[in-house]
Amino acid sequence: MCNPPSGLLPSYDGPLLMASVEIVYQNGTKNAGEKDYTVEKKRGRTVNYTIYLDVLFLINFGMDIFIIWLTGRLCRAEITWWRYLVSAFAGSLLFVLLIWVPIPAKWIYYICSYGMIGILMCFLAFQPKGIKYILKCYACQLMVTFLLGGIMNWLYFSTPAASWLVSRTDGRGLRLQELLLLVIVSGVIFIVLTSGYQRYRMGQQQERYQVSLYFDETPVYGTGFLDTGNFLIEPLSRRPVVIAEADWLFPILPEAYQRLVAVYLDQGRIDYDQIAEQRLTRAKWIPYQAVGETRGELLGLQCKKLVMRHQDTCMIREEVIVGISQTAITGNQRYQMLLHTDIVYKEE
């Protein structure tokens with residue numbers, strides 16, 4: 001499954017664990033399905049490459065274990081230790097067989113090496129319950145492989161570590177200990193990068209709530225975001241105010257309140273005459289001041305109930321003041337409501 005980056009194959013001075021089997025490559029690659037190898041001449045010399053299948057198997061076995069472990073961390077999957085070994089062994093063995101056994105067509109080789117072997121490894125390691133999950137694991141595995149390979153190439157070719165490694169290899173390629181060190185350092189960098197991303201994602205998840213808002217008896221469902229910068233309060237009752245998109249809230253409002261909101265959206269003002277004439281007692285005035293702007297006012301509505309769900313927690317708040325936002329809260333419609341910290345963390 002794992003192809004070591006160009007220039008990183010280790011030098012080899014003798015057999016490892018089994019008798020070495022040689023395949024002589026001319027032109028650096030073996031054309032799948034072809035028995036005759038083309039010859040590339042550089043400055044009048046034929047360039048030959050020797051690959052030992054036992055060394056290739058061991059390198060791939062170690063790299064595949066590492067890749068499957070990193071993939072499991074990224075997918076937050078719990079894997080029994082022996083499944084690492086089974087998955088890595090199967091991937092390494094099949095990859096070596098692809099090198100050793102002639103393949104009738106190149107496209108078959110590419111499908112097997114970059115597709116079927118990886119999917120099989122994910123199936124053996126993660127015990128997927130469906131096709132969607134196995135494709136997710138396989139996508140993570142590809143991302144881990146490409147990113148880890150990119151980090152290794154960056155370390156080897158673009159950092160001061162390159163000159164130190166080259167000085168130890170005498171131009172013969174990396175030995176196993178140098179390759180192991182390069183893999184470990186690359187893995188540490190990968191873990192640092194992905195851990196930071198996962199902490200960011202967890203923070204986003206902790207601030208997201210599934211909300212159900214009731215003006216009377218009919219709810220509207222959406223997603224709320226905990227906005228720590230929301231300090232709005234209704235001046236008379238001193239209650240905290242949540243912000244909701246007008247288009248999202250509009251369908252559950254009674255007709256009189258819909259007309260009030262429509263005027264507010266069209267004219268950008270609160271129709272106090274309509275509030276007084278129709279005795280819309282649940283309409284509220286909410287003053288605010290944004291950074292760099294003059295003072296303004298929001299139309300607020302007192303809703304019967306707000307239900308917030310987060311993981312295994314369900315919170316219910318009665319008589320919630322909702323400020324009407326004239327524009328979408330997010331451009332991608334990801335959230336429909338901005339929650340107030342005093343609403344979320346209110347003591348029961």
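Remember, it's a predicted structure, so these values are computed and weren't measured experimentally. For the numbers below, each heavy atom of this structure counts, side chains included, while hydrogens, waters and symmetry mates do not.
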Tell me whether [Y] is reachable from [X] by hopping between hydrophobic residues (I, L, V, M, F, W, Y) whose side-chain heavy atoms are closer than 4.5 Å.
| X | Y | result |
| --- | --- | --- |
| Val320 | Phe231 | no |
| Val242 | Met315 | yes |
| Tyr221 | Leu213 | no |
| Tyr138 | Phe146 | yes |
| Ile252 | Met337 | yes |

For [X] versus [Y], what's the shortest heavy-atom pair and its separation?
| X | Y | answer |
| --- | --- | --- |
| Gly323 | Ile286 | CA-CD1, 4.1 Å |
| Glu234 | Val241 | N-CG2, 3.6 Å |
| Ile343 | Arg317 | O-NE, 2.7 Å |
| Ile65 | Ala88 | CG1-CB, 3.3 Å |
| Leu232 | Pro287 | CD2-O, 3.9 Å |

- Message: With a 4.5 Å cut-off on side-chain heavy atoms, are Cys314 and Arg309 touching?
- Response: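 Of all side-chain heavy-atom pairs linking Cys314 with Arg309, at least one is under 4.5 Å.
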
- Task: Answer whether the closest heavy-atom distance between the side chains of Thr223 and Arg208 falls below 4.5 Å.
- Result: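 The answer is yes, as the side chains (C-beta and beyond) meet within the 4.5 Å cut-off.
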
Could you grab the distance from atom [atom1] of [X] to atom [atom2] of [Y], nearest 0.5 Å is fine?
| X | Y | atom1 | atom2 | answer |
| --- | --- | --- | --- | --- |
| Gln278 | Glu255 | CD | CD | 9.0 Å |
| Leu260 | Leu301 | CG | CG | 7.0 Å |
| Lys304 | Tyr214 | NZ | OH | 9.5 Å |
| Ile67 | Thr71 | CD1 | OG1 | 7.0 Å |
| Ile324 | Glu245 | CD1 | CD | 10.5 Å |
| Ile108 | Met116 | CD1 | CE | 10.5 Å |

- Task: Quick one: sort the Phe61 and Phe89 rings into parallel, tilted or perpendicular, breaks at 30° and 60°.
- Result: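 Perpendicular: the ring planes of Phe61 and Phe89 meet at over 60°.
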
- Carefully, step by step, assess Arg282 and Asp216 under the rule salt bridge (Lys or Arg N to Asp or Glu O under 4.0 Å). CA-CA 11 Å; Arg282 295 169 70 175; Asp216 283 318; 2.9 Å; yes

- Task: Step through it carefully: locate the ring centre of Phe66, locate the ring centre of Tyr84, and say whether they are under 6.0 Å apart.
- Result: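 Not under 6.0 Å, so no.
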
- Task: Begin with the C-alpha distance, continue with both residues' side-chain angles, and end with the deciding distance and a verdict on ring-ring contact (aromatic ring centres under 6.0 Å, His included) for Phe215 and Tyr257.
- Result: CA-CA 10 Å; Phe215 188 83; Tyr257 287 95; 5.2 Å; yes

